[in-house]
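Heads up, the thing below is written out as structure tokens.
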Amino acid sequence: MSAIAVAALGTTAALAAPAGFAHAAPSDTAPVAVGSAGATRDAGTTATTTVAAPAAWAAGTRAYLVITAPGGTSAVSGAVATNGGSVFATYDAIGVIVAHSTSTSFASAMRTVGGVQQVGATRTSDVPADAYSPALPANPAQSATTLTESNRWDMTQIKADQAWAVTTGSATVKVGVLDTGVDDQHQDIAPNFNAADSASCAYGKADTRAGAWRDVGTHGTHVAGTIAASKNGKGVIGVAPGVKISSVRIAEPTSSLFFAENTICGFVWAGDHGFKVTNNSYYTDPWAFNCPDNVDQAAIIEGVRRAQAYAEGKGSLQVAAAGNSNYDLANKTTDSESPNDSTPVTRTLTNACIDIPTELPGVVTVAAQGNGGAKASYSNFGNGVIDIAAPGGDGSSGVYSTLPGGKYGNMNGTSMASPHVAGVAALIASVNPTFTPAQIRDQLGVQATDRACPSDTRCTGTTTKNGFFGEGAVDALKAVGGTTPPPGAYFENLTDVAIADNATVESSITVSGVTGNAPATLKVGVDIKHTYIGDLKVDLVAPDGTVYTVHNRTGSGTDNIAQTFTVNASAEVANGVWKLRVNDNANQDTGKIDAWNLTF
């Protein structure tokens, strides 16, 4: 799956997207003593880590999953050494051993051992020497911000700003960010960061040293801010600003790749540490799709599947990005970008080949929408594969969130869509603390706003479930409604209306089925793209012609109006044609009404 360029505003350099990211626009207090023999149990996890590594790293060291029956790893671990390998980590509860070997015959020899069900190489490149003595990621210097919080387009699109009136999330709800790591010192993340349940799972074994969880890129910090940036008056606000964030770094430094053993470690950690939700904005490298007719990839599928099922069985719901190749996941044909850790080859696919973890059973698969609600140009799709859609940005309208070092910036991708859904899932868990992962998953779908297919033959299905949007666009307000109904009927117009110089334009919404008058707190959501909003006067026109001004040539040279206004329209009959009237009062700068809505 291809990576697309990432626009990161407020950074000192352009960001590139390593191959394993799902994004694009385009992806114990006592650490294990690595390099010494013996077995150690990491505090708080069921993963027994056994290290019988060579005295020094050797060229040609490869990683393998050796799969047995759950509880059966000890019976076959001795055969690993006998056949030229070493046990790097063991996950006995799911029957998975992570083994290293320089022997090219290791996998075939282990497949003949009694009790061994599957064996597969997890990469086509050598395990880095860093695996035996991992360096801690840098702890970046922090920059203070003068940014103040505002209702960003992505948060108003999913009604997160309205959901906060119901709940901002419970501090008892833990959300795991399985990614490149998280800058826990960031001013918008530190208040909600949970260091006690954070770790690195790079190379497939939990490293619980302080700071091992930190970001080796920027991706994970951006994702974390979208989920739970603190509501502290500065910077940005996450979807669930009251929950706790834990970082489980599964990306390896330098390559920023997410191999199967890392994902397995992350999911087992999530289950053992009580994460209600995890966000997974990546695919498992080096294969964009893993095919069950390949012995190595079959073992990857089975190992990660077991780890996901283990986490879900412990109460954790996994949310994952669908990917950024504008690819039909329901009709797979070819893959020309794998393996991405060596030389890619072109291969023929069938639908039996799956994107991991997003196509595993029980995982919520998230497609991306642009500002205005359409499918983002890059977003993967597929009827029966996509579960739900959320804002991921598209082009100039990116998702604005946290970056390491106290910074902020825009990114586009399904990597940015997935954390919106993870945040809403955390809000659901906050108001429904007894909900199982299946119940949270169901609530996400039931409360999503139906989105019909556009005039695009690639989108198949029904209005209530289709290949572009799944069960619809995630709706934070409905999702946390519980027994309390939403505040009122919702109407929107997504049709673009051009705003020319020195011109007045209107966009209409017909309201019906609402009894009596409009409320004193009528919500008017406005999304106007314009390069100088100081030129604009924006009015809401009631059905009887009464004019309510919501913006009057303020903001000077600021770009765009993406804001929800409150209007006292209690004197107006609700039903009828309401209009958004925009008057451009100067030359040079133009724009459009991108979308607007009314909530009664």
Side-chain angles (χ1 to χ4, degrees), residues 1-2 22 154 157-159 280-281 283 288-289 317-335 349-394 413-418 420-422 424-425 428 437-479 490-495 595 597:
M1 287 183 284
S2 65
D154 54 318
Q157 185 165 300
I158 68 170
K159 304 194 190 87
N280 303 271
S281 290
Y283 66 80
F289 301 98
L317 175 69
Q318 277 55 255
V319 178
N324 305 303
S325 299
N326 195 23
Y327 192 93
D328 187 352
L329 297 174
N331 294 284
K332 300 183 182 82
T333 54
T334 59
D335 169 29
L349 303 178
T350 69
N351 283 347
C353 302
I354 61 173
D355 180 340
I356 295 176
T358 198
E359 288 191 89
L360 290 175
V363 175
V364 177
T365 303
V366 183
Q369 297 173 281
N371 188 350
K375 181 187 97 69
S377 59
Y378 53 80
S379 181
N380 286 353
F381 57 97
N383 194 18
V385 179
I386 301 301
D387 292 310
I388 199 164
D394 203 359
T414 55
S415 277
M416 285 62 254
S418 182
H420 286 89
V421 176
V424 174
I428 293 172
Q439 288 173 312
I440 298 173
R441 189 165 55 240
D442 288 347
Q443 182 82 341
L444 284 169
V446 168
Q447 298 298 335
T449 301
D450 291 342
R451 291 298 303 264
C453 282
S455 299
D456 188 326
T457 57
R458 299 173 304 160
C459 185
T460 59
T462 65
T463 298
T464 57
K465 190 167 187 179
N466 57 62
F468 275 16
F469 306 106
E471 293 192 71
V474 70
D475 189 314
L477 180 60
K478 291 181 184 176
Y490 176 81
F491 302 86
E492 65 182 351
N493 188 334
L494 302 178
T495 302
N597 58 67

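Quick caveat: nothing in here was measured; it's all calculated off a predicted structure. Counting from 1, the numbers follow the sequence of the chain as shown.
Expressed to the nearest 0.5 Å, how far CG of L329 lies from CG of N383 amounts to 11.5 Å. The CG atom of D328 sits 7.0 Å away from the OG1 atom of T460 when rounded to the nearest 0.5 Å. Expressed to the nearest 0.5 Å, how far CD of Q157 lies from CG of D475 amounts to 10.5 Å. Between atom CG of residue L317 and atom CD1 of residue I440 there is a gap of 6.0 Å, rounded to the nearest 0.5 Å.
Under the 3.5 Å distance criterion, the side-chain polar atoms of N280 are matched with a main-chain donor or acceptor of V319. In terms of modelled atom types and a separation under 3.5 Å, the side chain of N466 and the main chain of C459 share no donor-acceptor contact. Side-chain atoms of Y378 come within 3.5 Å of backbone N or O of G413 as a donor-acceptor pair. At least one donor-acceptor pair closer than 3.5 Å links the side chain of N380 to the backbone N or O of A322. Judged purely by atom type and a 3.5 angstrom limit, T414 uses its side chain to pair as donor or acceptor with the backbone of G323.
T350 is linked by a side-chain contact (heavy atoms from CB on, under 4.5 Å) to A352, C353, counting only residues two or more places apart in sequence or in another chain. Not counting sequence neighbours, the partners of D456 by the salt bridge (Lys or Arg N to Asp or Glu O under 4.0 Å) test are R458. For the side-chain hydrogen bond (donor to acceptor under 3.5 Å, both in side chains) test, no residue two or more places apart in sequence or in another chain qualifies with T334. When the side-chain contact (heavy atoms from CB on, under 4.5 Å) test is applied to T333, the partners found at least two apart in sequence or on another chain are Y327. Scanning for side-chain contact (heavy atoms from CB on, under 4.5 Å) contacts around Q447 gives Q443, K478, A479, with sequence neighbours left out. Every residue two or more places apart in sequence or in another chain that forms a side-chain contact (heavy atoms from CB on, under 4.5 Å) with T463 is listed here: D450, A452. Partners of S418 according to the side-chain hydrogen bond (donor to acceptor under 3.5 Å, both in side chains) rule, which considers only residues two or more places apart in sequence or in another chain, are N279. Take K375 and apply the salt bridge (Lys or Arg N to Asp or Glu O under 4.0 Å) test, not counting sequence neighbours, and it matches no residue. Taking the salt bridge (Lys or Arg N to Asp or Glu O under 4.0 Å) definition, one finds that D387 meets it with nothing, sequence neighbours left out.
A 4.5 Å side-chain heavy-atom check between N351 and F289 finds every atom pair outside the cut-off.
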Name each donor-acceptor pair under 3.5 Å that joins a side chain in residues 359-370 to protein atoms two or more places apart or in another chain, with its distance.
residue: E359; atom: OE1; partner: K332; partner atom: NZ; Å: 3.0
residue: E359; atom: OE2; partner: K332; partner atom: NZ; Å: 3.0
residue: E359; atom: OE2; partner: D355; partner atom: N; Å: 2.9
residue: T365; atom: OG1; partner: T358; partner atom: O; Å: 2.5
residue: T365; atom: OG1; partner: T358; partner atom: OG1; Å: 3.3
residue: Q369; atom: OE1; partner: A390; partner atom: N; Å: 3.4
residue: Q369; atom: NE2; partner: G373; partner atom: O; Å: 2.9

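For residues 448-476, the set of pairs meeting the ring pair (Phe, Tyr, Trp, His ring centres under 6.0 Å) definition, not counting sequence neighbours, comprises F381-F468. Among pairs with a residue in residues 463-472, none fulfils salt bridge (charged side-chain N to carboxylate O under 4.0 Å, His left out), at least two apart in sequence or across chains.
Among all heavy-atom pairs drawn from A320 and P357, the shortest one is CB-CG, 4.4 Å.
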